[in-house]
Amino acid sequence: MPTEAADTLRPAREAGQTEGPDPREPLALLFRDLRTSPQGLTEREAARRLTVYGANALVRRGGRRWPRELAQQFTHPLALLLAFAALLAAVSGAPALAVAIVAVILLNALLAFAQERQAEQAVEALADFLPEQATVVRAGGRRQVPAAALVPGDVLVVEEGDRVSADARLLSGGVEVDLSALTGESVPVFRSAEFGDDSGPVLAARDLLFSGTACTGGQALAVVTATGMHTELGRIAALSQRTHREESPLEHQVKRVARLIAVIAIAVGVAFLPMGLAAGLSLAAALSFAIGLLVANVPEGLLPTITLALASGVRDLARRGAVVKRLSAVETLGSTTVICTDKTGTLTENRMRVTAVWTPGGELSVGDSRQVPAELLLLADAAAACTTADLEAGHGDPTEIALLDLAARVGTPCLPERRDRGRRALFRFDPHIKLMTTADTRDDRVVLHSKGAPEEVLTHAVAVLDHGTERVLTPADRTEVVHAVGRLAARGLRVLAVARRPLAPGQQSPARREEAEQGLCLIGLVAMADPPRPEVARSIEQAHRAGITVHVVTGDNGLTAAAVAEQVGIGHRGMRIVTGTELDAMGDDRLDALLGRGEEVIFARTSPEAKLRIADALRAEGHTVAMTGDGVNDAPALRRADIGVAMGRSGTDVAREAATMVLTDDNFATIVAAVETGRRTYDDIRKFIVYIFSHAVPEVVPFLVFALSGGTVPLPLTVMQVLAIDLGTDTLPALALGREKAEPGLMDRPPRPRDERVIRGAMLARSWGFLGLISAALVMGGYFLTLTTGGWHPGDPTGTGTALHLTYQQATTVVWLGIVFCQIGTAFAARTEHASLRTIGAFSNPHLLGGIAFALTFAAAIVYVPALHRVFGTAALSPAQLAIVVPFPFVVWGADELRRALVRRRTRGVPVPPAPPPARPAAEEPAHHPLTVLLARHGWSAHRLVHALGVSEHAAAEIVAHARRIAAEHGHRAP
């Protein structure tokens, strides 16, 4: 073998580059380019190449600078605002408040940093797909080596149960490979050295193996063409590394809120300073009051309340089967406008089951009946015999497990031990001819059993078993079989044909496949499906009511996916199938036009890049996208989507690490439930914002009255009383609003726009212009009523030692207690945005009731505990004075209840425009079965349609023409 120095070798091509040997070139050239031979490398040569190429491992590019990223958590606008508030609180003489704010800053920074650290582990999880050991041929002998020591040029031994350790070209033998992690294929595929594909997608090449896939059957030798980050798996890892998580809508909106609050707080504080000086206050007093106003307008509880609301949503989702890895993702879920879902295991139960059987006598029932027709018994026995799976162990191809289950249901179980003992020959499933054949012993003679694609079985069949009698297969019989296949396929079923041929007594089984698969007798058709989950249809309907579009993005066949989608209700505004080939040839403008039509699309046979394109196209149109996935190939798209949803049961570690949310039950219904939870959480955040903004008005108005009156009206509220509201009575009710139950009709309204601000003008008008003004009017009315009742006139002194000092203290206590009582009414009013309070129940939020109880207890202590009077400048109130503030909550809540009732009445009177009908083609196309059209879209010629399916030449030409028109509409010219 060659012994050139390692420095003469070119490292294998980087992901996405074309340098290095082409794994599909002729073997002689590939051996030359790799400088190897069928006897493998020597140990010395392998060691030199390991130095050149590096370890066969997936690595991250660039380290994570966690100290700097942790420091970035403290530069968040809201964190800076809270830090400023803490500084002002310390300056104004409230060290306890300052310490509490600093604690909040630290807690939220550490929490956010921990959440982001979890999201960065996707690439490391890819390494779990590489085994620890691999079998190679070196210097002509087999030996075990660490998988990390594989290098290009090694000859790899692949056997059943092995996980492929590197990208390789098959040299001899054939294997069944589970490519689901890379391609989304739901069943294993056959790869053989006898095949040669030098065109088309690399992943579709039938003589190539890929790192991270698993061998489910067979044995083969292969030459390693790429290792580590140069493999297809490494290319996907590189895509994941280049795909960075973007800022969530809530994170963006919180920054907007922080800026708005900062501007308001600073503006109010700065504006009061000259007012205080004009009112005759000293500079120190005016500065003290300005700082008090600024602190009063900073919502210290904003960040912890948002965190608590999101954490509550996370807990709710965990109870419903969804694990969310990033708190802000809960809010993002609420703004979801498009869900791109896989089919297998998400919409369906992820188990194949025979649902229909056809024989020349017609369609037969497959229920558990005591009287099973003889035709069904024979068909089930033949289908089960032509398998290698184990039903009890659940091991093997899902299709074969379904056939074994059928045999067991109809009373002719096929035990693996007995089946294998009687087997004389096995011709494994060949995807090229789509057939599998076994030779089995039946009553001292050999019987050949075949199963496969109906069109292929028809090609090899010469007879048909009709009511137990074998007769010649006529053209009319072929037509009837094709029609039966069409009817079953139209129901979204996977159809297999089953045939047999008994050999003469004493005749040995054929040695060659071609001899075994000829002169077959067709027994019938077996149709199976992965049944939709029963709860998915209701969830799809709920998603549609919520204005959410559902696209199916799958690696499976488009016709099957479309049938399942139709069964669960996808496509209510129209539906079309786009194959992976068509999507790859489609320009971005045509893809945007396709997604902009309002139809729900079935994207079939998608690649990792295709999923990324779909997510990017939807997000470019302003959509908030939730994308499901379970394989390695899904990792980049899961990271790019606003919400990446991985499967917890069937998903790979790669997908789970790359995703934002993991479904523990792999159920689409859980996604819709998560959207509902996200909407509720976002509404709760808005309720809290309305609540905290509304109390700013009654706190600021007393200072404005004092300043504008030039000191004629004594200050109705002191700084310490303001801090007592923010620190003592405000916090718990605000936190409780972050755990409010959903408002009726939550999922009957369209998603909010992606760029909609968390604070809207209507919210400010409600909190400041309505609830805040009503509260300010009530507390100032109580203030003046208390003063005038005590004999005060404008300009009378109320300072310490004056006759009116006690009256003044009682008046300020009425103002302070009135604000607390108004906030109780505001809390009940803020619980709903549109609906009446009775629709959710006045006492349905125990956390709010507990918070109000604490606020009342704290208020009672400040009003009636003498030791606190000197600290807060309060005085005990008489029953008459207390009676002034008692009605305040009912007035505030009642006014807002009346306002909401008027809004609901006005909204009900607005006519809703009818939904536009789905677009229809200008001219009706001839009725062709979707199966034949889909085959033509995948390149089947008219001649092949005529030969395999028995359709007329005219019909075949029309089918091909129709497929070309569909492809042209999608921006792709059909073959």
Side-chain angles (χ1 to χ4, degrees), residues 317 320-322 332-351 490-493 529-554 556-578 594-595 597-604 606 611 614-615 618 623-630 641-647 650 661 663-680 742 745-751 915-918 930:
L317 286 173
R320 303 180 77 165
T332 309
L333 276 165
S335 62
T336 299
T337 58
V338 174
I339 298 176
C340 295
T341 178
D342 199 355
K343 175 187 70 69
T344 305
T346 309
L347 299 179
T348 65
E349 296 178 0
N350 197 20
R351 60 182 183 88
R491 288 150 54 181
L493 304 178
D530 183 3
R533 292 178 180 264
E535 66 275 12
V536 167
R538 184 171 57 86
S539 298
I540 293 291
E541 180 184 0
Q542 188 178 21
H544 288 161
R545 288 204 320 270
I548 298 173
T549 301
V550 182
H551 299 306
V552 179
V553 185
T554 178
D556 280 346
N557 177 275
L559 188 64
T560 303
V564 171
E566 187 175 1
Q567 292 177 39
V568 299
I570 296 175
H572 66 305
R573 294 193 306 269
M575 181 174 63
R576 64 179 61 224
I577 302 173
V578 177
L594 173 67
L595 295 173
R597 289 175 179 171
E599 295 176 319
E600 292 178 320
V601 184
I602 307 298
F603 292 99
T606 52
K611 283 197 170 186
I614 294 168
L618 289 169
H623 290 288
T624 300
V625 182
M627 174 80 73
T628 72
D630 55 7
D642 298 284
I643 294 292
V645 183
M647 304 298 108
S650 61
M661 182 173 73
L663 303 183
T664 59
D665 55 3
D666 293 9
N667 196 338
F668 179 88
T670 306
I671 303 176
V672 179
V675 171
E676 182 178 10
T677 300
R679 289 190 176 191
R680 175 185 60 79
L746 180 68
M747 293 295 285
D748 292 328
R749 65 191 192 210

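Everything numeric in this text was worked out from a predicted model, so none of it was measured.
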Could you check T624 against T332 for side chain to side chain contact (heavy atoms under 4.5 Å, CB included), going step by step and ending with a plain yes or no? CA-CA 8 Å; T624 300; T332 309; 3.9 Å; yes
What's the spacing between R680 CZ and L746 CG if we round to 0.5 Å? 9.0 Å
Distance check, rounded to the nearest 0.5 Å: T670 atom OG1 versus L663 atom CG? 5.5 Å
D642 side-chain N/O to V625 backbone N/O, donor-acceptor pair under 3.5 Å: yes
Hey, does the side chain of T628 reach the backbone of D342 with a donor-acceptor pair shorter than 3.5 angstrom? yes
In this structure, CD1 of I570 is separated from NZ of K343 (nearest 0.5 Å) by 11.5 Å
Looking only at heavy atoms, which two atoms of A565 and M575 are closest? And how far apart? CB-SD, 3.9 Å
Taking all non-hydrogen atoms of both residues into account, name the closest pair between P534 and E349 and its distance. CD-OE2, 3.7 Å
Any non-hydrogen side-chain atom of V675 less than 4.5 Å from a side-chain atom of Q542? no
Taken to the nearest 0.5 Å, the spacing of T337 OG1 from I548 CD1 works out to 8.0 Å
Atom CD of Q567 with >12 non-hydrogen neighbours under 6.0 angstrom: yes
Option passing side-chain contact (heavy atoms from CB on, under 4.5 Å) with V338 (candidates L618, I614, V550): L618
Hey, does the side chain of R576 reach the backbone of L594 with a donor-acceptor pair shorter than 3.5 angstrom? no
Do you know the tightest heavy-atom contact between P751 and S335? CB-O, 4.2 Å
Apply side chain to side chain contact (heavy atoms under 4.5 Å, CB included) to the pair V672 and R538, showing each step before the final yes or no. CA-CA 10 Å; V672 179; R538 184 171 57 86; over 6 Å; no
Quick check: closest heavy atoms across V564 and P532, and the distance to 0.1 Å? CG1-CG, 4.4 Å
May I ask you to test the R533-D666 pair for a side-chain heavy-atom distance under 4.5 Å? yes
Taking all heavy atoms of M627 and all of A641, pick out the closest pair and write down the distance. CB-CB, 3.6 Å
Might you point out which heavy atoms bring G334 and R679 nearest each other, and give the distance in Å? O-CG, 3.2 Å
Is there a donor-acceptor pair under 3.5 Å between the side chain of T346 and the backbone N or O of F668? no
L333 and L317, any side-chain heavy atoms less than 4.5 Å apart: yes
Distance in Å, T664 OG1 paired with M647 CE, rounded so as to fall on 0.5 Å steps: 10.5 Å
How about N667 and V536: do any of their side-chain heavy atoms sit closer than 4.5 Å? yes
Would you confirm whether H551, through its side chain, and V601, through its main-chain N or O, come within 3.5 Å as a donor-acceptor pair? yes
One should read off an interatomic distance between R545 CZ and I540 CD1, to the nearest 0.5 angstrom, of 12.0 Å
